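Everything below concerns the one structure shown next.
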Amino acid sequence: MRMTVIGTGYLGATHAACMAELGHEVLGVDVDQRKIDSLQKGEVPFYEPGLPEVLERNLEAGRLAFTTDYQEAADFANVHFIGVGTPQQRGSYAADTRYVEAVIEDLVPKLKGEHLILGKSTVPVGTAAALQQKADELAPEGTSVEIAWNPEFLREGYAVKDTITPDRIVLGVRGEDSAAEAVAREVYATPLSNDTPFIVTDLQTAELVKVSANAFLATKISFINAVSEVCEIVGADVTQLADAIGHDDRIGRKFLGAGLGFGGGCLPKDIRAFMARAGEVGADQALTFLREVDAINMRRRQRVIDLSREVLGSLIGKRVTVLGAAFKPNSDDVRDSPALAVAGQLSLAGASVRVYDPQGMDNARKVFPTLDYASSLEDALRGAELVILATEWDEFKTMDPEWAAGLVEGKVLIDGRNVLPVAAWQSAGWELHALGRSL
Ligand code: UGA
């Protein structure tokens, strides 16, 4: 099948490459010439394990190409995916849908014949219907354009696997006359042949599925982090508690990782946009708890600052090493990163902060150019009076405590992700602190 993927950020670049991997002929489209040039050369402009290989393989096979030309996209295929961003609006909680709208405005007037546009971007409920109206207005005489919604659930760090073997496929269609299901069955023939659950529903349900999934995940993390606050006061252990409740398969252990909380380009923005949209449609009370989910999450960052101050006495002039800058391991994404927020706040509070991350350094430097960036883990640890593990990269989790002890000035560490083997670190002479448990 031929298809275009419009927007070649995290979501779009991955989707384009993976659709080609499934055997389709794909044209990736973006307004950013630099992004397109780099993808066309086989270079992924962000860190995503496995994606460079998929990109290269499919470019070479001639199934994948990239362009900035919307006319080329309009002529190339009758199926178009939208994967552009919907960031948080400045000065508001709502999502900014201007880039999704711009795709319709730029593409639809150039289309001829019958076309299907499948939205993948995370959008406020009601967006797809509004885009359909816009498309109907902009479609040239004799051209018909259908908008359907096909939300994406990929996780950064596992983007290729999540796209090629998704755990479900959701498709929102406008009604009985929709051609979208038949097309989607062809697009996703490979995963569907492996019994991937396929949920076909209306547009508004599909839009809500996506934000509900992310809101649920955020709520689960904040739930355990709220319990963690209580554990800290009464001397209980949140990790054992999470193990114990996680054995109940109605609850499950996943996403009960207590610590510094969630960040990234999705969960924080999506819960805020969901709240904003609920208010707009008149369900003012329905999602106010998400405000609390957000607040609990933010308090965890502050807790690490407070704990650092407690441990060091004062932060002024103290050499603190923050391990991690990316919002999670296996990613170079620093958007709303808890690790970088902690590093930045410690620096503003007077500490002398060194940061090290296996992949996120370039992006971190752009956001916080004033921090001191180490060239390696060893370089980061040398002379530190306090070490904070803020992102649970394997390199940090498997670090030898004896080796690390030989580098630092003070053997004091805050495990902000509850991932280090406590006994081994303590027996190497380290004073260990963690969130939600007293060690
Ligand atoms: C999230 C969702 O998991 C995806 O399903 C969704 O497609 C994506 O957003 C999106 O909307 O595009 P992602 O942002 O890549 O994916 O990251 P997650 O793996 O969900 O982690 C989010 C944050 O939660 C990270 O900062 C992570 O450190 C934190 N987290 C996760 C915890 O603090 N504790 C946990 O137990 C799990």
Side-chain angles (χ1 to χ4, degrees), residues 7 9-15 46-49 51 83-88 95 120-123 150-163 166-170 207 209-228 238-239 241-243 245-246 251-274 293-294 296-301 303-304 324-342 357 360 389-393 396-397 415-419 435-436:
Y10 236 110
L11 163 60
T14 307
H15 192 68
F46 49 85
Y47 178 74
E48 182 58 46
L51 186 56
V84 295
T86 49
Q88 189 175 329
K120 294 204 81 63
S121 310
T122 302
V123 291
N150 173 219
E152 180 56 59
F153 304 100
L154 67 80
R155 297 160 298 167
E156 293 185 12
Y158 301 91
V160 171
K161 176 183 164 288
D162 287 352
T163 308
D167 52 14
R168 79 285 212 189
I169 296 168
V170 175
E207 291 166 325
V209 165
K210 168 67 196 201
V211 281
S212 305
N214 277 0
F216 188 86
L217 294 172
T219 303
K220 203 170 174 192
I221 298 167
S222 276
F223 172 81
I224 199 66
N225 281 334
V227 173
S228 175
V238 74
T239 59
L241 181 148
D243 289 345
I245 63 173
I251 297 174
R253 182 62 172 85
K254 288 180 184 158
F255 273 66
L256 286 182
L260 254 174
F262 60 81
C266 301
L267 263 45
K269 130 181 122 67
D270 288 354
I271 57 170
R272 293 173 195 153
F274 197 10
V293 166
D294 206 353
I296 293 162
N297 193 51
M298 289 304 176
R299 281 208 295 275
R300 291 289 77 191
R301 302 174 185 191
R303 174 68 190 134
V304 172
F327 83 104
K328 67 172 193 179
N330 303 315
S331 168
D332 64 356
D333 194 343
V334 301
R335 286 177 294 171
D336 203 351
S337 164
L340 207 51
V342 163
D357 189 281
L389 192 159
T391 309
E392 67 276 32
W393 283 96
F396 306 153
K397 288 200 291 187
D415 181 357
R417 293 289 176 183
N418 281 312
V419 288
L435 300 184

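What you are looking at is a predicted structure, and each value in this text was computed from that prediction instead of being measured. Counting starts at 1 for both ligands and their atoms, following the listed order.
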Heavy atom under 4.0 Å from ligand 1: found in [X]'s side chain, backbone, both, or neither?
| X | value |
| --- | --- |
| Lys220 | neither |
| Leu154 | backbone |
| Leu267 | side chain |
| Leu256 | backbone |

Any N or O on [X] sitting closer than 3.5 Å to an N or O of ligand 1?
| X | result |
| --- | --- |
| Thr122 | no |
| Leu217 | no |
| Gly263 | yes |
| Pro338 | no |

[atom] - nearest protein heavy atom and its distance:
| atom | answer |
| --- | --- |
| atom 24 (O) of ligand 1 | Phe262 CB, 3.2 Å |
| atom 33 (O) of ligand 1 | Arg417 NH1, 3.2 Å |
| atom 5 (O) of ligand 1 | Phe153 O, 2.9 Å |
| atom 34 (N) of ligand 1 | Gly257 O, 3.0 Å |
| atom 20 (O) of ligand 1 | Phe255 CZ, 3.3 Å |

State, to 0.1 Å, how close [X] and [Y] come at their nearest heavy-atom pair, and which atoms those are.
| X | Y | value |
| --- | --- | --- |
| Phe262 | Ser222 | CE2-OG, 3.6 Å |
| Arg168 | Ala213 | NH2-CB, 3.9 Å |
| Asp357 | Trp393 | OD2-NE1, 3.0 Å |

> Quick one: does Gly259 get within less than 4.0 Å of ligand 1, heavy atoms only?
Replying inline: no

> Quick one: does Lys210 get a heavy atom under 4.0 Å from ligand 1?
Replying inline: yes

Please tell me if the side chains of [X] and [Y] come closer than 4.5 Å, counting only heavy atoms from C-beta onward.
| X | Y | result |
| --- | --- | --- |
| Met298 | Pro268 | no |
| Ile224 | Leu241 | yes |
| Lys210 | Asp270 | yes |
| Ile251 | Phe223 | no |
| Glu156 | Asn330 | no |

> Is there a donor-acceptor contact under 3.5 Å linking the side chains of Ser228 and Arg300?
Replying inline: yes

> Quick one: which ligand 1 atoms are inside 4.0 Å of a heavy atom on Glu152?
Replying inline: 7 (O)

>> Under 4.0 Å from a heavy atom of Glu156: which atoms of ligand 1 are those, numbered in the order shown and with their elements?
In response: 15 (O)

[options]: member with heavy atom nearest to [atom]:
| atom | options | result |
| --- | --- | --- |
| atom 2 (C) of ligand 1 | Asp270, Ile221, Thr391, Asn214 | Asn214 |
| atom 9 (O) of ligand 1 | Gly157, Gly416, Cys266 | Cys266 |
| atom 19 (O) of ligand 1 | Arg155, Lys328, Glu392 | Lys328 |

Measuring from [X]:[atom1] to [Y]:[atom2], what's the distance to the nearest 0.5 Å?
| X | Y | atom1 | atom2 | result |
| --- | --- | --- | --- | --- |
| Asn150 | His15 | CG | NE2 | 6.5 Å |
| Ile271 | Cys266 | CD1 | SG | 12.0 Å |
| Glu392 | Lys397 | CD | NZ | 6.5 Å |

